[in-house]
Amino acid sequence: MDALELLVNRRSASRLAEPAPAGEQLDNILRAGMRAPDHGTLQPWHFFVIEGQGRERFSQTLEQAATAAGQDEKGIEKARTSPFRAPLIIAVVAKCEEHHKVPLWEQLLSAGCAVMAMQMAALAQGFNGIWRTGPLTDSAVVRQAFDCREQDKIVGFLYLGTPQLKASTTVTVPDTTPFVTHF
Ligand SMILES: Cc1cc2nc3c(=O)[nH]c(=O)nc-3n(C[C@H](O)[C@H](O)[C@H](O)COP(=O)(O)O)c2cc1C
């Protein structure tokens, strides 16, 4: 797929099913994440690939987190079932370190760029997905499950698979005027 066409017309997809990217396709996605812009070459990220039994573990983690947060039955059920909305999820944790030249916010942005790069690499290979966070992302239960130290931050859960709804091939051309100033 042409890179410019992909970037200008891309849409996220939330209804996702098998097949998920696998093998070389998944490797390409992870490599694209590793090529995110990265001040100081700190590689301030860790990627957790969640599939198969991993989705069951993630489901249990979210269920525990929702229970600990005092959510009602409906909320707990929603949390428990949410990992099954896609066959593959990549959790991206920003692994931040105090650095003399690279502030924490730059490291967070690098990890965020990794999410976007991986979503685009999925799209380029005929898949799609959606970047999600949600209210439980910062819960102690979820943070512990993804080995977060105090300075780390879960920046996203990238849900990936084969889109179930045919996305329009073009999006409305945005009016960039209010967002752009030629300085
Ligand atoms: C950091 C971050 C967190 C997000 N979390 C959610 C989320 O929890 N649920 C959701 O529906 N969309 C979430 N989104 C937005 C979707 O990824 C997506 O961009 C949005 O649905 C708009 O669709 P589009 O990408 O096709 O324009 C998040 C986006 C970002 C950048």
Side-chain angles (χ1 to χ4, degrees), residues 1-17 20-21 29 32-33 35-38 44-50 55 58-59 61-66 69 71 74-96 103-143 145-146 148 151-176 178-180:
M1 187 187 287
D2 176 73
L4 186 60
E5 189 190 327
L6 179 150
L7 287 170
V8 173
N9 293 307
R10 65 136 217 106
R11 292 300 316 269
S12 300
S14 57
R15 305 246 340 241
L16 299 160
I29 289 170
R35 291 303 307 130
D38 174 13
W45 48 63
H46 194 88
F47 308 139
F48 289 86
V49 176
I50 304 168
R55 282 195 312 175
F58 187 32
S59 162
T61 300
L62 290 176
E63 185 176 2
Q64 278 171 27
Q71 292 193 7
K74 207 171 148 206
I76 293 169
E77 180 62 7
K78 187 167 175 238
R80 192 186 66 73
T81 54
S82 61
F84 303 106
R85 291 177 292 184
L88 170 69
I89 305 163
I90 301 177
V92 178
V93 180
K95 305 297 288 187
C96 301
L104 295 181
W105 69 267
E106 292 191 6
Q107 298 173 45
L108 281 175
L109 285 186
S110 279
C113 287
V115 182
M116 174 81 176
M118 289 194 283
Q119 188 174 0
M120 296 308 99
L123 205 48
Q125 298 179 99
F127 301 96
N128 201 352
I130 183 166
W131 180 349
R132 295 182 187 273
T133 48
L136 298 172
T137 302
D138 288 327
S139 96
V141 177
V142 176
R143 285 176 55 79
F146 292 103
C148 290
Q151 68 271 35
D152 298 338
K153 175 102 184 146
I154 298 170
V155 295
F157 296 101
L158 182 60
Y159 284 65
L160 294 173
T162 300
Q164 292 307 285
L165 297 176
K166 195 166 164 43
S168 65
T169 46
T170 54
V171 294
T172 315
V173 177
D175 177 12
T176 59
F179 301 95
V180 179

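All ligand and atom numbering here is 1-based and tracks the order in the structure.
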Among all protein non-hydrogen atoms, which one is nearest to [atom], and what is the separation to 0.1 Å?
atom: atom 10 (C) of ligand 1; result: R132 NH1, 4.0 Å
atom: atom 12 (N) of ligand 1; result: W131 O, 3.9 Å
atom: atom 8 (O) of ligand 1; result: T133 N, 3.0 Å

**Item:** For S12, atoms of ligand 1 separated by under 4.0 Å from a heavy atom
**Value:**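 Reading through ligand 1 atom by atom, the close ones are 18 (C), 19 (O), 23 (O), 24 (P), 25 (O), 26 (O).
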
**Item:** Heavy atom of G134, distance to ligand 1 below 4.0 Å
**Value:**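 Yes; G134 lies near enough to ligand 1 that a heavy-atom distance drops under 4.0 Å.
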
**Asked** Would a 4.0 Å cut-off, counted as strictly less than, catch a protein heavy atom around atom 1 (C) of ligand 1?
**Response**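 Flag for atom 1 (C) of ligand 1 set to true, protein heavy atom closer than 4.0 Å.
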
**Prompt:** Measuring to protein heavy atoms, does anything land under 4.0 Å from atom 20 (C) of ligand 1?
**Reply:**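 Not a single protein heavy atom is under 4.0 Å away.
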
**Request:** Establish, yes or no, whether a centroid distance under 6.0 Å links the rings of F58 and F146.
**Result:**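 Yes.
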
**Item:** F84/Y159 aromatic ring centres below 6.0 Å
**Value:**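 No.
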
**Prompt:** Can you tell me if W131 uses its side chain to pair, donor with acceptor, with the backbone of V155 under 3.5 Å?
**Reply:**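 Judged by distance alone, yes, a pair lies under 3.5 Å.
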
**Prompt:** Within the distance-only criterion (no hydrogens, no angle test), does the side chain of T61 pair as donor or acceptor with the backbone N or O of V142 below 3.5 angstrom?
**Reply:**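 Between the backbone of V142 and the side chain of T61 there is no qualifying donor-acceptor contact (under 3.5 Å).
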
**Prompt:** CG/L16 to CZ/R85 distance, rounded to the nearest 0.5 angstrom?
**Reply:**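 Interatomic distance, L16 CG to R85 CZ, rounded to 0.5 Å: 9.5 Å.
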
**Asked** Can you tell me if NZ on K78 sees more than 12 non-hydrogen neighbours from other groups inside 6.0 Å?
**Response**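 Atom NZ in K78 is not crowded, with 12 or fewer foreign heavy atoms closer than 6.0 Å.
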
